[in-house]
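Only a predicted model underlies this, so the values are computations on that prediction, with no experimental measurement involved. All residue numbers in this chain count up from 1 along the given sequence.
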Amino acid sequence: MRALVPERLVAAMKPSQILLSLVSGLLTVPLTYGAAIHEDAADVQHIKFDFIIVGGGTAGNVVANRLSENPKFKVLVIEAGPSHEGVLSSEVPWFAANNWFSTYDWNYTTTPQVGLGGRPAILPRGHILGGSSSINFLMYTRSTREDYDRLAKRTGDDGWSWNSLVPYFKKNEKFVRPADNHNTKGQADPKVHGFDGLMSVSVQNFPTSIDNMVVNASRQLGGDFKFVQDYNDGKPLGLGWLQTTVDGPTGRRSSSATSYLASKFLKRPNLHVLVNAQVSRLIQTRSGKTPSFLTVEFRQISRSPKLIRLTAQREVILSAGALGTPHILLNSGIGDAKALRAVGIKSTVHLPDVGANLCDHSAIANPFVALTNDTFEETRKPEVTARLLDQWKANGTGPLVNTVASLISFHRVTGDDVPHPDPAAGPNTPHFEHLFANGLIVPNAFVPPGQHIFSVATALVSPSSRGTLTVNSSDPFAPPLIDPALLKEESDRRMMRAALRHAFKFVAARVFDGYVLGPAGDLANATTDAQLDAYMDAEAGTFFHPTGTAAMSPKGAKHGVLDPDLRVKGIAGLRVVDASIFPDIPSGHTQAAVYVIAERAADVIKSAYRK
Ligand SMILES: Cc1cc2nc3c(=O)[nH]c(=O)nc-3n(C[C@H](O)[C@H](O)[C@H](O)COP(=O)(O)OP(=O)(O)OC[C@H]3O[C@@H](n4cnc5c(N)ncnc54)[C@H](O)[C@@H]3O)c2cc1C
Ligand SMILES: *[C@@H]1O[C@H](CO)[C@@H](O)[C@H](O)[C@H]1NC(C)=O
Ligand SMILES: *[C@@H]1O[C@H](CO)[C@@H](O)[C@H](O)[C@H]1NC(C)=O
Ligand SMILES: *[C@@H]1O[C@H](CO)[C@@H](O)[C@H](O)[C@H]1NC(C)=O
Ligand SMILES: *[C@@H]1O[C@H](CO)[C@@H](O)[C@H](O)[C@H]1NC(C)=O
Ligand SMILES: *[C@@H]1O[C@H](CO)[C@@H](O)[C@H](O)[C@H]1NC(C)=O
Ligand SMILES: *[C@@H]1O[C@H](CO)[C@@H](O)[C@H](O)[C@H]1NC(C)=O
């Protein structure tokens, strides 16, 4: 909720004036006391914050909530985007992609990708409180036990292992009933889930007409399409019902903003959130052997181009995401000294791996023509969407409470298609994934309109390719150069070809006889290796999961950016908590991984100040 009466004004007002403004406020908007979501830096400039968190996204809001549980810690979140409150395209799960190229998106595009035939790809990122958790496709996949055990091994910190993190998954999660209140027995395993956390997770909120066919295909095909009751138990290989961060009882998106910044938390007098404030860089506050960078510089461009500075008493925590965090570090002179000097940025701390190791999943939607009239193509007709929105508004039910898929499957490639070394974390970790969708996942130019579609998307979830995020300008507000190296390595392309052939195997299941008529658009011509490559070049893109640009490594290691306690190497009072921290990309959609590391990070930070 927005601050009705900014603290600054309250401090200057006489008691009678406060009463008057509160009473008049009651007639218009609900009241908030204490801290709140501030639109103007002037509201918070007089406060001495212990912690300043840069980025009110998925991770940042978790850390802000948990640190402010201690009333002695004054916490400020600085977010570039606007508040999430009342943003329909964020609240309605089905509208996720409507946020692309809006105020709520950073509008990033990658550099031309060699793995995409020289094409750049769009790379949406949340520019709104809640960050990408406010605009993502809501899929809740934790990744595998082996992913986290590898993280523990790579960092030398057993606190990052699966067993150590399970309590934090449960601390994050509130597993709730689906919007249509159907019996979910057999669709998820309650033992795997948390019921007392803050962020809602549910299975399948509204049935789609392909669901039973997909489940039956799993039975008919067996093998690596075998049905798994709950892919979030650490061993996901097989096909199962998709779980999403939809709050079933209300039919609304659950994001880090709706959950960790719920109004009861915003009432805490020691928690403040400043929106529409874009951080440019951190300013060095101490030099010498272990420098510190406790001053945060930002601007509120909607108000003035003026740069504003605030200094934290204890720590600055960068949670600006896998693109924002390395960008801010580089703008601050923290990165490869030579590369920074070349673009006119004064080097402060030589840390060559900042922005290196950028890794993302790549994906293709793969449409097939279906003999039906009951697909997303229908839902997307404006008059139908309008009617369904009325239903959603009336009682939070109907097709708009779904994301784009209801079932998901995870697979490994075999034989010669397995790369050496194997980029997957172990034998129970997938190389690729399918999403099954009752229509085009996102309308695109490759499929002529007027057809009804069944999609079997393919995504490479354990890639070998690594890219970079670099800066091309000393202007901290110029966008960075983002090269996620999608499908760059031949071994990744080979796995993607195997994944595409695997999608064709799936639609060959008996249950699709007379339903799936054949591949749609240019998938129709994708058979030989060369044709599959041409198809990838034309159609592959990001799966929206960039990670790894400020990766952890063992304490004292020369490589990497962070120690296992998330402190930036060689700097005092500066940590990173977001998707940047993973040395290897997790094999699931990344939000659950970000939530879980943020929950543990908050405990790691708190323990540093326990007397
Ligand atoms: C379109 C899309 C679909 C996705 N689908 C899924 C999915 O279905 N399931 C899933 O698990 N994951 C999905 N993801 C990925 C997932 O949402 C992200 O991995 C995760 O949310 C990242 O969390 P984060 O905290 O690292 O970054 P973010 O949540 O992106 O938070 C970073 C925050 O920092 C702010 N920020 C950045 N720079 C600055 C600055 N200079 N000054 C101030 N603030 C700044 C941003 O505005 C943002 O609020 C999707 C992502 C997108 C974009
Ligand atoms: C993204 O592009 C849209 C459309 O051009 C624009 O309205 C929006 O302000 C842009 N987002 C940002 C963060 O600049
Ligand atoms: C799926 O299989 C079940 C059980 O065999 C059968 O009753 C049902 O009709 C099948 N549904 C579809 C859509 O094939
Ligand atoms: C789809 O709708 C059209 C027009 O109403 C109808 O002619 C056709 O038979 C329908 N097709 C299916 C598969 O239901
Ligand atoms: C919700 O509203 C729709 C129509 O707007 C109605 O068909 C449906 O039965 C309602 N559901 C519940 C659970 O009230
Ligand atoms: C890098 O910056 C220069 C100078 O501003 C510009 O000419 C060039 O196009 C930029 N390169 C990329 C890849 O954006
Ligand atoms: C497939 O290839 C044939 C022959 O090259 C071409 O005529 C046809 O248009 C192609 N179809 C699609 C959907 O790309």
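- Taking the six-membered ring where the residue is Trp, His545 and His361 present perpendicular rings, their angle passing 60° and hence far from 30°.
- Expressed to the nearest 0.5 Å, how far CG of Asn216 lies from CZ of Arg510 amounts to 9.5 Å.
- When every heavy atom of Pro236 is checked against every heavy atom of Asp233, the shortest pair comes out as N-OD1, 4.5 Å.
- In this structure, Leu138 CG and Ser200 OG are separated by 11.0 Å, a value rounded to the nearest 0.5 Å.
- Side-chain atoms of Thr458 and Glu433 form no donor-acceptor pair, as typed in the model, at a separation below 3.5 Å.
- Once rounded to the nearest 0.5 Å, the distance linking CG of Leu400 with CZ of Phe95 reads 5.0 Å.
- If you check the side chains of Asp492 and Ser465, you find a donor sitting under 3.5 Å from an acceptor.
- Screening Phe175, Tyr595, Tyr148 against Phe169 for a ring pair (Phe, Tyr, Trp, His ring centres under 6.0 Å) leaves a single residue, Tyr148.
- Side-chain atoms of Asp224 and His502 include a donor-acceptor pair closer than 3.5 Å.
- We find the CG-NE2 distance between Leu239 and His434 to be 9.0 Å, quoted to the nearest 0.5 Å.
- Look at Glu91 and Lys393 and you find no salt bridge, because none of the NZ, NE, NH1 or NH2 atoms lies under 4.0 Å from a carboxylate O.
- Counting only distance, with no hydrogens or angles, the side chain of Glu489 and the backbone of Ser464 share no donor-acceptor pair below 3.5 Å.
- Under the 30°/60° scheme for interplanar angles, the aromatic rings of Phe512 and Tyr515 are found to be tilted.
- Using a 3.5 Å distance cut-off with no hydrogens or angles, the side chains of Asn438 and Thr375 do not pair a donor with an acceptor.
- Between Ser409 and His411, the side chains place a donor N or O and an acceptor N or O closer than 3.5 Å (distance only, hydrogens not considered).
- With hydrogens and angles disregarded, a donor-acceptor distance shorter than 3.5 Å links the side chain of Asp147 to the backbone of Thr144.
- Interatomic distance, Ser462 OG to Arg412 CZ, rounded to the nearest 0.5 Å: 8.0 Å.
- Using a 4.0 Å cut-off between charged nitrogen and carboxylate oxygen, Glu539 and Arg119 do not count as a salt-bridge pair.
- A pairwise comparison of heavy atoms in Thr429 and Ala424 identifies O-CB, 3.8 Å as the closest pair.
- Here the two rings, on Phe376 and Trp94, have centers that are under 6.0 Å apart.
- Between Asp247 atom CG and Lys174 atom NZ the span is 6.0 Å, to the nearest 0.5 Å.
- Side-chain N or O atoms of Gln113 include none that pairs as donor or acceptor with a backbone N or O of Gly115 at under 3.5 Å.
- For the residue pair Pro167 and Asn163, the shortest heavy atom distance occurs at CD-O, 3.5 Å.
- Taking the six-membered ring where the residue is Trp, Trp106 and His127 present perpendicular rings, their angle passing 60° and hence far from 30°.
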For Ser455 and Asn366, what are the C-alpha separation, side-chain angles and deciding distance, and is it a side-chain contact (heavy atoms from CB on, under 4.5 Å)? CA-CA 6 Å; Ser455 296; Asn366 308 321; over 6 Å; no
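- No close placement of the Phe544 and His589 rings is indicated, their centers lying 6.0 Å or farther apart.
- Nearest approach of Arg493 to Met536, heavy atoms of both residues: O-CE, 3.4 Å.
- Across Asn65, Asn172, Thr58, Asn61, a single residue satisfies side-chain hydrogen bond (donor to acceptor under 3.5 Å, both in side chains) together with Tyr260, and that is Asn172.
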Before giving the answer on side-chain hydrogen bond (donor to acceptor under 3.5 Å, both in side chains), spell out for Asp230 and Gln187 the whole-Å C-alpha distance, their side-chain angles and the decisive distance to 0.1 Å. CA-CA 7 Å; Asp230 199 317; Gln187 296 187 338; over 6 Å; no
